[in-house]
Amino acid sequence: MPYWLMKSEPDEFSIQDLERLGRSRWDGVRSYQARNFMRQMADGDGFFFYHSSCATPGIAGIGRIASTAYPDPTATDPDSPYFDPRTNGVTNPWSAVDVDFVESLRSVIALPRLKAEPALVQMPLVQKGSRLSVMPVSEDEWHAILAMR
DNA sequence: GCCAACGTTGGC
DNA sequence: GCCAACGTTGGC
């Protein structure tokens, strides 16, 4: 079963928001690299919920992918902040997936700890300058991170 | 708020 | 297909 990591600014959407909702749509991704990973997701895959651009950036919880990728409706909605004016309703290049809440960590695994963990050196997350917001996580990385909780 | 580093765009 | 310029990400 593949694993993933997805970033969100908690001011926009946090693990606590997902916990309250139970299920949500993960939309608004506007990077082709990230989108291409979303298209590889399968119903049931696990993912780490990463909080970015906040006081304590790091892994804040765990979720489960609850669908395969489908066209992101926010891309064609003029009222959405994620509206992409280049879409014309016929060609929507962007994808969304549904996600389920699994677990909120009692404390965030902060970025410096992730960077210091030898098992995670390959992750784009800890590489300097990397901005990838959706990335695969290997089985070894998944278990190493779970052990850091 | 700053700014390094990046991914994307678009002129050529 | 190159690559400079641009806008964005995201840690600090």
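So that the names make sense, note that chain A is the first sequence line, chain B the second, and so on, each numbered from 1.
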Salt bridge (charged side-chain N to carboxylate O under 4.0 Å, His left out) contacts in which one or both residues fall within residues 116-138 of chain A, not counting sequence neighbours = none
How are the rings of Tyr3(A) and His143(A) set relative to one another: parallel (under 30°), tilted (30 to 60°) or perpendicular (over 60°)?
-> perpendicular
Set of residues satisfying side chain to side chain contact (heavy atoms under 4.5 Å, CB included) with respect to Arg39(A), sequence neighbours excluded | Arg35(A), Ala69(A), Ser95(A)
Contacts of type salt bridge (charged side-chain N to carboxylate O under 4.0 Å, His left out), residue Arg64(A), not counting sequence neighbours | none
Identify, residue by residue, the members of residues 24-35 of chain A with a heavy atom below 4.0 Å from DNA chain C, and return them in order of residue number, or none.
-> none
Using the side chain to side chain donor-acceptor pair (under 3.5 Å) rule, collect all pairs that involve residues 99-114 of chain A, keeping only residues at least two apart or in two chains.
-> Arg23(A)-Asp100(A), Glu103(A)-Arg149(A)
Step through the shown structure and confirm whether more than 12 heavy atoms of other residues, nucleotides or ligands are within 6.0 Å of CD on Gln127(A).
-> yes
Heavy atoms under 4.0 Å is the rule here; annotate nucleotides 3-10 of chain C 5' to 3' with B where the base is hit, S where only the sugar-phosphate is, and - elsewhere.
-> ----BBBB
Would you say Phe48(A) and Ile145(A) make side-chain contact, with heavy atoms under 4.5 Å?
-> yes
